[in-house]
*Asks:* 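What follows is a single structure, and I will ask about it in a moment.
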Amino acid sequence: MQSLQQKASEWSGVPTDDAFAIDDTNLFQKLSLQTFINLSTNFYNRVYDDEEEWFRSIFANSEKESAIQNQYEFFVQRMGGPSLYSQRRGHPALIARHRPFPVTHQAAERWLHHMQQALDSTPEIDDDSKIKMMNFFRHTAYFLVAGDELKNQSQPIPCKHAAGR
């Protein structure tokens with residue numbers, strides 16, 4: 001049985017070493033807090049304006065400002081900065097936090113489309129950092145897809161006794 005990381009590499013096309021190349025450089029020191037705020041703002045402005053209703057509906061119960069803050073704090077923490085996310089929200093637990101959402105291959109690709117556009121429209125991010133970040137994002141998106149599929153496989157099957165007959 002493949003691990004979630006192996007599935008993420010297979011489905012994303014990003015080898016694990018490339019996905020975690022973000023650990024070779026402190027991107028927080030290189031780019032700054034404001035850059036991560038700008039990236040997350042660019043990203044969520046695109047997400048909330050997406051022309052696809054099915055995709056927008058995934059975010060319908062989230063406030064945009066909270067989503068922006070959660071994302072940039074996670075990125076800062078994961079890319080070498082202070083643990084802003086964990087201090088405010090606890091362990092990131094990505095699969096558990098995304099459990100309520102339909103994290104499908106299609107949703108991952110749409111998310112990645114918006115992230116690539118957000119990276120491209122955040123001029124403070126150099127090309128090498130964009131490549132490292134996008135590899136991490138692509139791999140992580142498919143890690144979440146693998147986690148979502150695992151969740152769907154492990155749902156209990158209702159039995160007559162549990163339903164009260």
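The analysis underlying the following values was restricted to heavy atoms, covering all of them including side chains, and did not include hydrogens, waters or symmetry mates.
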*Asks:* Who pairs with Gln117 by side chain to side chain contact (heavy atoms under 4.5 Å, CB included), at least two apart in sequence or on another chain?
*Replies:* Arg46, His113, His114
*Asks:* Please identify each residue that fulfils side chain to side chain donor-acceptor pair (under 3.5 Å) with Ser12, with sequence neighbours left out.
*Replies:* none
*Asks:* For Tyr142, check ring-ring contact (aromatic ring centres under 6.0 Å, His included) against everything at least two apart and list the hits.
*Replies:* His105
*Asks:* Residues two or more places apart in sequence or in another chain: which of them pass side chain to side chain donor-acceptor pair (under 3.5 Å) with Glu51?
*Replies:* Arg110
*Asks:* Taking only residues two or more places apart in sequence or in another chain, which ones pass side chain to side chain contact (heavy atoms under 4.5 Å, CB included) with Thr25?
*Replies:* Leu27, Lys30, Lys132
*Asks:* Asn38: which residues meet the side chain to side chain contact (heavy atoms under 4.5 Å, CB included) condition with it, sequence neighbours left out?
*Replies:* Gln34, Thr122, Glu124
*Asks:* What pairs with Pro82 under side chain to side chain contact (heavy atoms under 4.5 Å, CB included), at least two apart in sequence or on another chain?
*Replies:* Phe28, Val76, Leu84
*Asks:* Not counting sequence neighbours, which residues clear side chain to side chain donor-acceptor pair (under 3.5 Å) with Gln106? List them please.
*Replies:* none
*Asks:* Mind checking what makes ring-ring contact (aromatic ring centres under 6.0 Å, His included) contact with Phe36, not counting sequence neighbours?
*Replies:* none
*Asks:* Of all residues at least two apart in sequence or in a different chain, which pass the side chain to side chain donor-acceptor pair (under 3.5 Å) check with Glu53?
*Replies:* none
*Asks:* Please, which pairs that meet salt bridge (charged side-chain N to carboxylate O under 4.0 Å, His left out) have at least one residue in residues 13-26, sequence neighbours excluded?
*Replies:* Asp23-Arg78
*Asks:* By salt bridge (charged side-chain N to carboxylate O under 4.0 Å, His left out), which residues pair with Glu109, not counting sequence neighbours?
*Replies:* Arg138
